[in-house]
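Notes follow once the structure below has been shown.
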Amino acid sequence: MGQASSPAGASGPSPSRLISQYVLVALAALLVFAGTLANGFVYDDVQLVLENPWPRSLAGVRDSFSQPLFGFLESSTAQDPQHHYYRPLMHVLLFGLRQAFGLQPWAHHLALMVMHAAVSVLVLWLLRGCLVADRAEPTLGAGGWAAFGGALLFALHPVHTEAVAWVSGAMDVGMALAVLLAARLWLPVPASPQRALGAGALWLAGLLLKETAIVLPVLLWALERATAPSGARGSLVAQARRYALLGLGLAAYLGLRFMALGGSLPTNSASTRVSRLTGVLAFPADLGGKLVWPSPLAVLSPRGPATSLADVRVWLGALCFAGILAGAVWAWCRGHRVVQAAGLWLLVPLLPALALQVRGVDAYAERYLYLSSVGFVLLVAVALRAGLSRWPEQARILALASGGVLAAFTLLTLSYVPVWRDNLTLWTYVQETVVDHPLIHSNLGDLHLKAGRLDAAISHLEVAAQALPGAFRVHNNLAVAYAKVGRLGDARKELERTVRLMPDNPVAWHNLGLVSRREGDLETAIARFHDALRLAPKRVDSLLELGRTLMRAGRASEAIAPLEEALRLEPGLTGARKSLAEARAAASGPPR
């Protein structure tokens with residue numbers, strides 16, 4: 001890799017100017033997302049932060065290492081193959097924030113902002129390592145300016161809003177931070193055994209935040225080739241030793257994951273082969289295109305999933321795949337190792353998301369581009385350096401054009417951040433931006449149900465239920481809405497469906513018991529509460545409702561035991577205490 005030429009009049013190395021570049025990149029990353037401090041908890045944050053019992057204690061944090069990400073919920077994970085994600089370090093992060101700040105949303109958002117700023121600073125380091133071959137090059141030379149511009153683009157890019165403005169996005173940002181810190185330890189090559197072990201520990205941390213970190217060795221190999229000649233990397237035996245030390249982190253992760261989840265991976269058995277194929281082909285155009293043209297942005301693909309071979313995105317994606325292959329061959333034949341590294345950093349982090357598409361899980365999510373965009377900004381920086389080197393007299397025009405792009409992207413980011421203020425704002429925006437999608441109706445239905453707007457909830461949930469016949473939560477929520485408006489027969493049908501979907505889920509059996517009791521079938525209700533307790537013996541709600549139902553059935557003496565157990569598990573439960581007193585009084589009978 002040759003030395004980049006410098007604009008006329010550039011001076012020698014300037015550490016103070018270099019430091020100021022790092023500071024400016026960090027400030028840009030912080031300021032553009034400062035609006036997130038006014039945002040609350042949205043989407044999965046409600047469950048992951050507010051309803052999650054694990055971050056409340058060290059014992060809960062230990063439990064998170066033996067369960068899937070949402071294993072604390074009765075209504076999803078352990079039985080739902082779409083949610084077999086293993087990310088216990090997210091619960092550790094939430095534990096630390098909860099202990100320090102409680103459930104203050106601004107503190108969680110501030111932590112994410114700081115993490116994003118740290119990632120942006122490391123991106124500048126990485127870009128300088130790839131573009132400034134000679135350390136004697138002026139800070140403001142072509143390579144230095146290009147690296148600075150690329151890092152600013154990363155810091156300000158609107159496609160990062162989902163990852164940075166959404167507390168649950170800390171998994172993506174934290175994973176990227178771990179990967180880049182590992183790269184910082186790995187370089188310059190050859191890495192010492194201590195640095196290789198440190199990188200392995202960071203790899204473990206990244207994997208425990210998000211599975212995408214699995215691609216780290218490929219990314220490190222690409223950086224090695226881009227920043228050092230073959231001789232500096234040592235013999236094949238020496239390289240194998242370094243990667244073996246790095247691999248200790250992967251071995252630890254695989255052991256922890258297998259103990260928690262076995263060999264299960266996310267999948268969606270309801271998808272068809274055609275939808276999987278079209279999803280894969282459309283992927284680079286549908287999602288990857290947001291790096292170049294980040295509008296409109298939304299939680300879901302603005303045009304919905306690509307389910308037909310006639311969809312233009314399928315053919316655009318196929319052209320993108322062909323272009324990627326041609327670009328890879330060109331970069332390899334020309335020996336452009338920095339371009340090769342940029343391409344690998346752009347594409348390889350997307351492979352786990354592409355694998356989700358292959359398994360039928362819709363993988364459109366802008367947060368998947370967070371680590372991948374490091375490769376994108378490196379490609380942009382390579383092009384900018386080439387322009388500055390070839391046409392130094394046009395440096396001002398290139399600077400103005402670059403500044404215009406950065407300004408436009410900044411405005412897009414500033415306009416998108418408030419969308420994540422609260423759930424109603426987010427899903428109303430998504431409904432206005434995205435073509436009709438069942439997930440929108442599911443979330444809006446859930447919001448209306450919690451707010452007591454039952455007619456609106458039912459209208460949305462019915463649409464979602466028809467489109468998502470295998471979605472446990474949707475059918476359970478629809479059953480609850482039906483029950484609240486007195487449509488008990490419809491509620492029972494939906495709950496029977498949820499029982500078929502997840503026969504080992506206590507929530508479905510418990511709700512069936514409630515509906516049966518309202519229908520006057522007390523014996524069936526008692527049986528259903530027993531079914532729920534067979535699956536979850538310490539489920540306080542089921543113990544309480546079993547006791548109350550036994551009381552109504554005239555079996556007061558049998559009601560005492562479940563009510564006593566409910567009080568033992570939750571001593572402050574006033575309703576259980578009152579019902580227990582009534583059961584004891586009824587069981588003792590009238591005085592003789």
Side-chain angles (χ1 to χ4, degrees), residues 46-47 51 53 70-80 82-83 441-466 468-553 559 562-563 565-566 569-570 573 575-576 579:
V46 176
Q47 295 174 333
E51 299 174 3
F70 286 99
F72 56 89
L73 292 175
E74 291 179 309
S75 59
S76 62
T77 50
Q79 303 149 70
D80 189 347
Q82 293 191 58
H83 296 96
H441 293 287
S442 172
N443 283 282
L444 285 173
D446 191 22
L447 284 172
H448 289 305
L449 178 61
K450 289 176 180 177
R453 298 184 289 269
L454 299 178
D455 290 340
I458 289 172
S459 66
H460 282 292
L461 291 170
E462 284 179 337
V463 174
Q466 185 175 2
L468 302 170
F472 173 92
R473 182 178 177 127
V474 171
H475 291 279
N476 186 72
N477 286 346
L478 180 57
V480 171
Y482 280 151
K484 287 188 174 184
V485 297
R487 295 170 59 178
L488 299 181
D490 291 331
R492 183 169 21 83
K493 289 178 183 178
E494 291 299 323
L495 288 171
E496 288 169 351
R497 180 190 292 270
T498 64
V499 166
R500 290 194 298 272
L501 289 172
M502 289 189 182
D504 294 331
N505 193 302
V507 173
W509 295 106
H510 176 88
N511 288 341
L512 261 176
L514 292 175
V515 169
S516 296
R517 188 174 67 189
R518 286 189 62 183
E519 290 180 318
D521 189 351
L522 299 182
E523 293 305 317
T524 298
I526 291 169
R528 297 295 78 81
F529 290 131
H530 276 300
D531 287 332
L533 290 167
R534 174 177 50 82
L535 297 167
K538 295 183 179 181
R539 196 173 195 279
V540 174
D541 284 351
S542 297
L543 288 165
L544 176 59
E545 298 305 336
L546 173 60
R548 288 173 169 173
T549 309
L550 287 167
M551 283 279 293
R552 289 179 60 176
L563 291 170
E565 179 66 5
L569 294 169
E570 196 169 325
L573 198 61
S579 296

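Within the 4.5 Å cutoff, no side-chain heavy atoms of Pro537 are placed close to those of Glu565. Between Leu514 and Arg528, every side-chain heavy-atom pair lies at or beyond the 4.5 Å cut-off.
With rounding to the nearest 0.5 angstrom, the CG atom of Leu512 is 11.0 Å from the CG atom of Asp521. Atoms CG and CG, on Leu461 and Leu444 in that order, are 9.5 Å from each other to the nearest 0.5 Å. Taking CD1 of Ile458 as the reference point, atom CG of Asp490 lies at 8.5 Å (rounded to 0.5 Å). To the nearest 0.5 Å, the span separating CG on Leu449 from NZ on Lys484 amounts to 5.0 Å.
Minimum interatomic distance between Ser442 and Val474 (heavy atoms only, all atoms of both residues): OG-CG2, 3.4 Å. Of all non-hydrogen atoms in Glu462 and Tyr482, the two that sit nearest each other are OE2-OH, 2.6 Å. Closest non-hydrogen pair, Leu478 versus Ala465, comes out as CD2-CB, 3.9 Å. Minimum heavy-atom separation, Ala491 to Val515: CB-CG2, 4.1 Å. Among all heavy-atom pairs drawn from Arg453 and Leu447, the shortest one is NH2-O, 4.2 Å. Residues Ala508 and Thr498 come closest through the heavy atom pair CB-OG1, 3.3 Å.
Checked by atom type and distance alone, the side chain of Trp509 pairs as donor or acceptor with a backbone atom of Pro503 at under 3.5 Å. Side-chain atoms of Ser516 do not come within 3.5 Å of backbone N or O of Gly513 as any donor-acceptor pair. Under a 3.5 Å cut-off, the side chain of His475 and the backbone N or O of Leu468 do form a donor-acceptor pair.
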For residues 541-551, which side-chain N or O atoms pair as donor and acceptor with protein atoms under 3.5 Å away, sequence neighbours left out?
unit_1: Ser542; atom_1: OG; unit_2: His510; atom_2: ND1; d: 2.9
unit_1: Ser542; atom_1: OG; unit_2: Arg539; atom_2: NH1; d: 3.1
unit_1: Glu545; atom_1: OE1; unit_2: Arg517; atom_2: NH1; d: 2.8
unit_1: Glu545; atom_1: OE1; unit_2: Arg517; atom_2: NH2; d: 2.8
unit_1: Glu545; atom_1: OE2; unit_2: Arg548; atom_2: NH1; d: 3.4
unit_1: Arg548; atom_1: NE; unit_2: Ser579; atom_2: OG; d: 3.4
unit_1: Thr549; atom_1: OG1; unit_2: Arg517; atom_2: NH1; d: 3.0
unit_1: Thr549; atom_1: OG1; unit_2: Glu545; atom_2: O; d: 2.6

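At most 12 non-hydrogen atoms from other residues, nucleotides or ligands lie less than 6.0 angstrom from CD of Gln466.
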- Message: Test side chain to side chain contact (heavy atoms under 4.5 Å, CB included) on Leu454 and His448; report intermediate values, then the result.
- Response: CA-CA 7 Å; Leu454 299 178; His448 289 305; over 6 Å; no

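By the salt bridge (charged side-chain N to carboxylate O under 4.0 Å, His left out) test, Glu519 is found to be paired with Arg492, residues two or more places apart in sequence or in another chain being considered.
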